[in-house]
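Just so it is clear, the values below take in all heavy atoms, side chains as well, and ignore hydrogens, waters and symmetry mates. These numbers were taken from a predicted model, which means no experiment stands behind them.
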Amino acid sequence: MAAVDSFHLLYREVARSCHNHLEFLAVVGALYTAQKSFCILYDCYSLIRSHVTPCLLRKRDLVQQYGKWAVVTGANSSIGKAYAEELAKNGMNIILVCSSRENGVSEAITGDYGVNTKFIDVDFSQGHEVYYSIMEALKGLDVGILVNNAGVFDEYPEHILEVPEDELWKIIHVNLAAAVMMARIVLPGMAQKKRGAIVNVICGSVGKSDAQTAASKAYLDTFSRQLASEVSASGVFVQCLTPLCVGRKHTSSYGTFPMFSPSPDVYAHHAVRTLGFCTRTTGYWAHSLQLLASQWIPGWLCRSIGRFHHH
């Protein structure tokens with residue numbers, strides 16, 4: 001009988017202790033749920049502010065807001081060319097800074113949109129010597145927007161020991177130095193006029209990367225953040241664009257959900273809309289949805305959806 005009484009006493013003590021712990025765990029769970037709910041609400045607010053608000057406002061005059069000329073590096077790539085064309089649609093004169101393989105892009109933009117264009121034949125992989133000709137060509141121009149789109153990104157990642165030294169220097173010159181030096185060239189004029197925008201595009205933001213490429217992406221992201229804080233008082237807006245999957249030419253990439261891989265023209269149209277609204281964005285609403293989902297959906301489910309999308 002004494003053993004039974006001892007058991008009941010022990011049971012009551014354990015139950016009382018568990019009840020106290022359950023109350024504590026309930027409080028912790030409520031705080032965790034509140035914190036997660038706040039994060040989701042903030043992410044939704046950021047999504048609306050970046051992609052919905054610009055659509056509700058009247059069309060902006062980019063020339064009046066930023067300046068007459070836009071400089072686009074890497075304009076022979078799909079995104080760079082489409083971004084230059086979108087700025088031309090908004091009445092901005094375009095300066096294309098890329099290699100001679102631009103295939104008549106400047107003439108096509110002039111013919112299609114009736115704006116002035118200039119072409120600067122530059123190979124950023126050659127190092128600091130190329131910037132003297134750029135400075136000379138931009139002298140006296142009202143440069144309002146700089147789009148740093150030049151980049152070297154391998155489709156198939158390579159181990160750093162397998163990459164030739166010349167290729168590593170090319171990544172440093174094109175992916176890192178070009179954005180810094182181009183910003184250094186145009187910033188004095190922008191700061192003097194108290195207006196301007198610098199857009200740093202991190203292409204290849206989706207998929208696996210090798211060490212050197214991943215480091216260059218992280219550098220450009222950090223550079224954009226720090227530069228924004230340094231020049232915001234001068235009236236210069238700095239944006240970091242991190243597109244995900246973008247199709248080629250004027251068509252979306254194949255897949256079950258083509259809206260997630262827009263054509264360069266569609267992507268550029270949406271990306272230009274976000275200019276002045278958010279300092280860091282994918283530039284396209286569906287890409288932002290993907291990024292938001294990847295933060296809250298388990299990794300295995302995201303990978304399954306990705307495999308289904310490419311089938």
Asker: Are Leu87 and Val147 close enough, and set up right, to give a side chain to side chain contact (heavy atoms under 4.5 Å, CB included), and what steps lead you there?
Answerer: CA-CA 10 Å; Leu87 292 177; Val147 182; 4.2 Å; yes

Asker: Under 4.0 Å between a side-chain nitrogen and a carboxylate oxygen: does that hold for Arg225 and Asp221?
Answerer: yes

Asker: Can you confirm whether more than 12 heavy atoms, excluding those of Glu162, are under 6.0 Å from its CD atom?
Answerer: yes

Asker: Between the side chain of Asp123 and the main-chain N/O of Ser125, is any donor-acceptor distance below 3.5 Å?
Answerer: yes

Asker: So which atom in Val72 and which in Ala75 form the shortest heavy-atom distance, rounded to 0.1 Å?
Answerer: O-CB, 4.0 Å

Asker: Testing the basics here: between Val63 and Arg195, what is the closest heavy-atom pair and its distance to 0.1 Å?
Answerer: O-NH1, 3.9 Å

Asker: Quick one: does Thr73's side chain have a donor or acceptor within less than 3.5 Å of a partner on Ala150's backbone?
Answerer: yes

Asker: Working to the nearest 0.5 Å, report the span between CD1 of Ile202 and OG1 of Thr213.
Answerer: 12.5 Å

Asker: Rounded to the nearest 0.5 Å, what's the gap from CG on Asn200 to OH on Tyr219? Could you check?
Answerer: 10.0 Å

Asker: Is Leu31 linked to Phe38 within one hydrophobic cluster, defined over Ile, Leu, Val, Met, Phe, Trp and Tyr using a side-chain heavy-atom separation of less than 4.5 Å?
Answerer: no

Asker: Could you check if a side-chain atom of Val105 sits within less than 4.5 angstrom of a side-chain atom of Ile94, using non-hydrogen atoms only?
Answerer: no

Asker: Heavy atoms, side chains only, cut-off 4.5 Å: are Met182 and Phe124 in contact?
Answerer: yes

Asker: What pair of heavy atoms forms the shortest contact from Ile198 to Ala183, and how long is it?
Answerer: CD1-CB, 4.0 Å

Asker: Are the side chain of Gln239 and the backbone N or O of Cys278 linked by a donor-acceptor pair below 3.5 Å?
Answerer: yes

Asker: If you measure from CD1 on Ile171 to CD on Gln212, what distance do you get to the nearest 0.5 Å?
Answerer: 4.5 Å

Asker: Taking all non-hydrogen atoms of both residues into account, name the closest pair between Ser77 and Asn149 and its distance.
Answerer: OG-ND2, 2.7 Å

Asker: Where is the tightest heavy-atom contact between Leu146 and Met190, given as atom of each residue plus distance?
Answerer: N-CE, 4.0 Å

Asker: Locate the shortest heavy-atom distance separating Asp142 from Gly67; write the atom from each residue and the value.
Answerer: OD2-CA, 3.6 Å

Asker: If I take atom OG1 from residue Thr110 and atom CG from residue Asn116, how far apart are they, to the nearest 0.5 angstrom?
Answerer: 7.0 Å

Asker: For Val152, does its backbone N or O pair with a side-chain atom of Asn175 as donor and acceptor, under 3.5 Å?
Answerer: yes

Asker: Between the main-chain N or O of Ser106 and the side-chain N or O of Thr117, is there a donor-acceptor pair closer than 3.5 Å?
Answerer: yes

Asker: Is Val199 close to Tyr83 at the side-chain level, that is, under 4.5 Å between some pair of heavy atoms?
Answerer: yes

Asker: With the threshold set at 4.0 Å, does a side-chain nitrogen-carboxylate oxygen contact exist between Asp265 and Lys89?
Answerer: no

Asker: When rounded to the nearest 0.5 angstrom, what distance separates OG1 in Thr279 from CG in Leu227?
Answerer: 11.5 Å

Asker: When you look at Asn90 and Lys59, which way does the side chain to side chain contact (heavy atoms under 4.5 Å, CB included) test go after all the steps?
Answerer: CA-CA 9 Å; Asn90 285 269; Lys59 187 176 180 179; 3.5 Å; yes

Asker: So Ile145 and Leu275, side chain to side chain contact (heavy atoms under 4.5 Å, CB included) or not? Walk me through it.
Answerer: CA-CA 10 Å; Ile145 297 177; Leu275 187 61; 3.7 Å; yes

Asker: Quick one: OH on Tyr131 to CZ on Arg184, what's the gap to the nearest 0.5 Å?
Answerer: 13.5 Å

Asker: Does the pair His270 and Thr274 meet the rule for a side chain to side chain contact (heavy atoms under 4.5 Å, CB included), with working shown?
Answerer: CA-CA 7 Å; His270 286 268; Thr274 67; 5.9 Å; no

Asker: How about Cys240 and Leu220: do any of their side-chain heavy atoms sit closer than 4.5 Å?
Answerer: no

Asker: Applying a strict under-4.5 Å side-chain criterion to I, L, V, M, F, W and Y, I'd like to know whether Ile95 and Tyr132 cluster together.
Answerer: yes

Asker: Would you say that Leu241 contacts Ile79 through its side chain, given a criterion of any heavy-atom pair below 4.5 Å between the two side chains?
Answerer: no

Asker: Does a side-chain heavy-atom distance below 4.5 Å link His173 with Val130?
Answerer: no

Asker: Around atom NZ of Lys118, are there more than 12 heavy atoms from other residues, nucleotides or ligands closer than 6.0 Å?
Answerer: no

Asker: Once you measure the plane-to-plane angle for His287 and Tyr284, does it fall in the parallel (<30°), tilted (30-60°) or perpendicular (>60°) bin?
Answerer: perpendicular

